[in-house]
Amino acid sequence: LQTENKRLQDIIQLEKKSAFTTIAAKVILDKNSPYLNSVIINRGSSSRIKLGMPVLSEGNLVGRIVEVNFLSARILLLNDLNSKIPVMISPKGSQAILSGQGEDKPKLEYLPEKFELSDKNLVFTSGKDGIFFEGIPVGNVIFEDNKIKVKLFSDSNQVSFVNVVLDKSSDLEAM
C-alpha cells in the first residue's frame, strides 16, 4: 500500500508540473501477447477520454487510446505490432516513424539517408500527425540486431498508473 500510495503521489505531482492537462488512470488489465501489446485502464468517455489521445507514464509516452467505453479505455502501447507514430530525433531534428515490432524496443523507419547514430540521439513525438503534441519524450536511439531501434524511457511491462493527455493547456478551469 505504501508503494502504491507513493506512485499515486508521484502521478499527482506530475499532473501539476506537466505542460498538458492530464487525467490519472490505473491499468486494470494487461493484454500481452507475442506481438500485440495493449492495456485497459479504469477511465473512459465519462472522464473525457477520446480516441487517439496520448498516454504518458512518468511523463514519457507509452501509447495512445484506441478504444473507449464509458468507464474504461484501451491503450495501444508503442511496442505493439500495429503502432506507428511520427517522431523527431534530437539534436538535429531528423524525422522518422517509430514502428512497434512486438518487442521491447520499437524500430525507427524512414530515417534520413545520412543519419548519424550517436549516444546523444533522443526521440520525441514530432506532432506531424496532428494527434500527438510535439516534444513528448519517447526514448533513446540504439543500434541492435543491425537495426536502429529505440530504448523506450518507460517500460510498458511495468506500467500500473498512467496519465492520459486531455489537452495541451495546463489550465483545468479553461475547459
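Reckoned from all heavy atoms, side chains included, excluding hydrogens, waters and symmetry mates.
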Heavy atoms, side chains only, cut-off 4.5 Å: are Glu103 and Lys149 in contact?
-> yes
Shortest non-hydrogen separation from Val123 to Val150 and the atoms involved | CG2-CG2, 3.9 Å
Going by atom type alone, with no hydrogens or angles, which donor-acceptor pairs under 3.5 Å involve a side-chain atom of residues 136-148 and a protein atom two or more places apart or on another chain?
| residue | atom | partner | partner atom | Å |
| --- | --- | --- | --- | --- |
| Glu144 | OE1 | Lys105 | NZ | 3.3 |

OG of Ser83 to CG of Leu98, rounded to nearest 0.5 Å, is 6.5 Å
Side chain to side chain, Val87 and Phe132, heavy atoms closer than 4.5 Å = no
CG (Asp167) and OG1 (Thr21) are apart, to the nearest 0.5 Å, by 5.0 Å
For the hydrophobic clusters of this structure (ILVMFWY residues joined by side-chain heavy atoms under 4.5 Å, transitively), does one cluster hold both Ile23 and Val27?
-> yes
Side-chain donor-acceptor pairs of residues 66-75 under 3.5 Å, sequence neighbours excluded:
| residue | atom | partner | partner atom | Å |
| --- | --- | --- | --- | --- |
| Glu67 | OE1 | Arg74 | NE | 3.4 |
| Asn69 | ND2 | Ser72 | OG | 3.4 |

Given Val159 and Val39, is the side chain to side chain contact (heavy atoms under 4.5 Å, CB included) satisfied, shown in steps?
-> CA-CA 9 Å; Val159 174; Val39 295; 5.8 Å; no
Quick one: are Leu108 and Ile89 in side-chain contact, heavy atoms under 4.5 Å?
-> yes
Contact check, side chains of Ser156 and Val62, non-hydrogen atoms, under 4.5 Å | no
Is the closest side-chain heavy-atom distance between Arg64 and Met53 below 4.5 Å?
-> no
Out of curiosity, Asn82 CG to Leu77 CG, how far, rounded to the nearest 0.5 Å?
-> 11.5 Å
Say whether, by atom type as modelled, one donor and one acceptor occur between the side chain of Asn42 and the main chain of Lys26 under 3.5 angstrom.
-> yes
Side chains of Lys84 and Ser99: is there a donor and an acceptor less than 3.5 Å apart?
-> yes
Please lay out, stage by stage, how Ile49 and Ile41 fare under the test side chain to side chain contact (heavy atoms under 4.5 Å, CB included).
-> CA-CA 11 Å; Ile49 292 179; Ile41 57 172; 4.2 Å; yes
In one Ile/Leu/Val/Met/Phe/Trp/Tyr side-chain cluster, 4.5 Å: Val162, Ile65 | yes
Please check if Ile85 and Phe115 belong to a single hydrophobic cluster, counting links between Ile, Leu, Val, Met, Phe, Trp and Tyr side chain heavy atoms closer than 4.5 Å.
-> yes
Write down the atom of Ala25, the atom of Arg43, and the distance for their closest heavy-atom approach.
-> CB-CG, 3.5 Å
Value for NZ (Lys92) from NZ (Lys114), rounded to nearest 0.5 Å, stands at 10.5 Å
Under a 4.5 Å cut-off applied to non-hydrogen side-chain atoms, are Asp104 and Leu152 in contact?
-> no
Single-linkage hydrophobic cluster, 4.5 Å side-chain cutoff, Met88 and Leu122 together | yes
Interatomic distance, Lys50 atom NZ to Ser45 atom OG [nearest 0.5 angstrom] | 10.5 Å
Mind checking whether Leu51 and Leu166 sit in one hydrophobic cluster, side chains of I, L, V, M, F, W, Y counted as touching below 4.5 Å?
-> yes
Taking C-beta and beyond as the side chain, do Leu111 and Ser94 meet within less than 4.5 Å on heavy atoms?
-> no
Hey, could you give me the CG/CG distance between Asn60 and Leu78, rounded to the nearest 0.5 Å?
-> 10.0 Å
Would a 4.5 Å heavy-atom cut-off, applied to side chains only, mark Pro91 and Asn121 as touching?
-> yes
